[in-house]
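Before any comments, here is the structure.
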Amino acid sequence: MKLFIRPRAGSLAPHIALYEAEARFSVDIVDTQTQTTSKGEDYLALNKMGYVPTLQLDNGVCITEGPAILMFIADSFPASRLAPRPGTVARAHMSGFLNFVAAEIHKSFSPFFVTPPLSLEGRDAAQKKLNRKLDHMEEVFSDGRAYLMGDDFTVADAYLMTVLRWLPATDQVVENWSYLAAFLERIKARPAVQAAMRAEGIEEELAA
Ligand SMILES: N[C@@H](CCC(=O)N[C@@H](CS)C(=O)NCC(=O)O)C(=O)O
């Protein structure tokens with residue numbers, strides 16, 4: 001398998017999942033400005049939207065969309081227990097969290113990365129929109145659970161961790177949400193998370 005990434009982007013989540021699964025994989029860094037892979041291939045031929053991540057299987061087939069890639073990794077390595085079994089209520093809850101992170105939180109960060117940057121009023125409105133979603137996640141963790149699904153780490157946690165790292169771009173700190181701050185620290189202690197962060201050159205955050 002080959003995972004197409006851009007360091008620090010949403011592709012960190014499947015990168016973590018592949019390390020958690022102890023999968024055999026390689027990584028290719030995409031230039032999303034020129035839409036080319038590190039080998040100069042046309043990335044749009046692999047992912048029509050030009051987004052990272054893309055997971056390319058050994059037979060050349062490409063899987064796109066972060067949540068689909070995360071579920072595929074979880075299902076391909078069941079022994080790693082990265083997701084509840086298909087057909088269970090727990091599985092539906094985990095899919096709900098994955099969808100919430102993708103559709104509600106990830107996309108609420110997008111306005112903070114546009115050029116030209118948001119006006120002060122626009123920033124304020126975007127913060128309010130994002131913070132409502134983060135407040136909801138904070139409430140989920142307020143019962144003292146370690147991970148979104150309770151005691152067990154799942155791919156939804158890898159995704160939530162990935163987007164929480166972007167909070168500085170919104171001029172906010174994760175410590176504004178005490179349970180989410182504790183979650184981020186807990187997840188950064190996982191060897192697979194540390195391996196993926198080192199591979200993406202963001203290990204300085206591990207010491208922060
Ligand atoms: N719906 C897509 C969204 C992925 C996405 O937004 N990726 C961003 C990085 S986090 C991206 O590649 N943007 C294009 C760019 O930066 O040029 C998915 O789930 O994979």
Considering residues at least two apart in sequence or located in another chain, which fulfil the salt bridge (Lys or Arg N to Asp or Glu O under 4.0 Å) criterion with R6?
none
Would you check if P67 and N99 make a side-chain contact, meaning some heavy-atom pair closer than 4.5 Å?
no
Identify the heavy atoms of P53 and S11 that sit nearest to each other, and give their distance.
CB-CB, 3.7 Å
Could you list the donor-acceptor pairs under 3.5 angstrom formed by side chains in residues 148-161, with sequence neighbours left out?
unit_1 : atom_1 : unit_2 : atom_2 : d
T154   : OG1    : A156   : N      : 3.3
T154   : OG1    : D157   : OD2    : 3.4
D157   : OD1    : L148   : N      : 2.8
D157   : OD2    : T154   : N      : 2.8
Y159   : OH     : H106   : ND1    : 2.7

Go through the steps for D124 and K129 under the test salt bridge (charged side-chain N to carboxylate O under 4.0 Å, His left out), then give the verdict.
CA-CA 9 Å; D124 195 42; K129 197 170 162 206; over 6 Å; no
For M137 and I105, what are the C-alpha separation, side-chain angles and deciding distance, and is it a side chain to side chain contact (heavy atoms under 4.5 Å, CB included)?
CA-CA 10 Å; M137 288 289 97; I105 305 184; 3.6 Å; yes
Test side chain to side chain contact (heavy atoms under 4.5 Å, CB included) on V30 and I5; report intermediate values, then the result.
CA-CA 6 Å; V30 178; I5 71 161; over 6 Å; no
Hey, does V52 have a side-chain heavy atom less than 4.5 Å from the side chain of I29?
no
All heavy atoms of T162 vs all of G10, minimum pair found to be CG2-CA, 3.7 Å
Only counting residues at least two apart or in another chain, list the ones meeting ring pair (Phe, Tyr, Trp, His ring centres under 6.0 Å) with F97.
none
Looking at side-chain heavy atoms only, is the closest gap between D42 and T36 below 4.5 Å?
no
Side chains of N131 and Q172, donor plus acceptor under 3.5 Å
yes
Closest non-hydrogen contact found for A17 with L82 is O-CD1, 3.7 Å
side-chain hydrogen bond (donor to acceptor under 3.5 Å, both in side chains): which pairs involve residues 54-63, sequence neighbours left out?
Y43-T54, N47-T54
With sequence neighbours excluded, what pairs up with H136 under the ring pair (Phe, Tyr, Trp, His ring centres under 6.0 Å) test?
F100
Does S119 use its side chain to pair, donor to acceptor, with the backbone of G122 at less than 3.5 Å?
yes
Heavy-atom closest contact (A169 atom, F113 atom, distance):
CB-CE2, 3.6 Å
Give every residue pair that meets the salt bridge (charged side-chain N to carboxylate O under 4.0 Å, His left out) criterion with at least one member in residues 30-39, sequence neighbours excluded.
D28-K39
S110 side chain near K107 side chain, heavy-atom distance below 4.5 Å
yes
Looking at E205 and R165, is there a salt bridge between them, counting it only when a charged N and a carboxylate O are closer than 4.0 Å?
yes
Steps toward side chain to side chain contact (heavy atoms under 4.5 Å, CB included) verdict (L206, M197)
CA-CA 8 Å; L206 292 169; M197 290 176 77; 3.7 Å; yes
Could you grab the distance from atom OG of S108 to atom CZ of R132, nearest 0.5 Å is fine?
9.5 Å
Side-chain contact, heavy-atom cut-off 4.5 Å: L55 with K2?
no
Just do the side chain to side chain contact (heavy atoms under 4.5 Å, CB included) check on S80 and E20 with the steps written out, would you?
CA-CA 7 Å; S80 305; E20 290 280 353; 5.8 Å; no
Mind checking salt bridge (Lys or Arg N to Asp or Glu O under 4.0 Å) for R81 and listing every partner two or more places apart, or none if nothing turns up?
none
Partners meeting ring pair (Phe, Tyr, Trp, His ring centres under 6.0 Å) with F109 (sequence neighbours left out)
W166
Can you get from I16 to Y51 by hopping between Ile, Leu, Val, Met, Phe, Trp and Tyr side chains that sit under 4.5 Å apart?
no
F25: ring pair (Phe, Tyr, Trp, His ring centres under 6.0 Å) partners, not counting sequence neighbours
H15, Y19
Flag side-chain contact, heavy atom, 4.5 Å: R91 against T88:
yes
Please table the atom pairs, donor to acceptor, closer than 3.5 Å between any side-chain atom in residues 176-183 and protein atoms at least two apart or in another chain.
unit_1 : atom_1 : unit_2 : atom_2 : d
W177   : NE1    : D135   : OD1    : 2.7
S178   : OG     : E138   : OE2    : 3.4

If you measure from CG on L118 to CD on Q127, what distance do you get to the nearest 0.5 Å?
9.5 Å
Can you name the residues that form a salt bridge (Lys or Arg N to Asp or Glu O under 4.0 Å) with E139, not counting sequence neighbours?
none
In chain order, what residues pass the salt bridge (Lys or Arg N to Asp or Glu O under 4.0 Å) check against R198, with sequence neighbours excluded?
none
Roughly how far, to the nearest 0.5 Å, is the CD1 atom of I63 from the CE atom of M71?
12.0 Å
Donor-acceptor pair, R186 side chain versus A146 backbone, under 3.5 Å?
yes
Once rounded to the nearest 0.5 Å, what's the spacing between atom CG of L57 and atom SG of C62?
7.5 Å
Hydrophobic cluster membership, with links at side-chain heavy-atom distances under 4.5 Å among I/L/V/M/F/W/Y: are L46 and I69 in one?
no
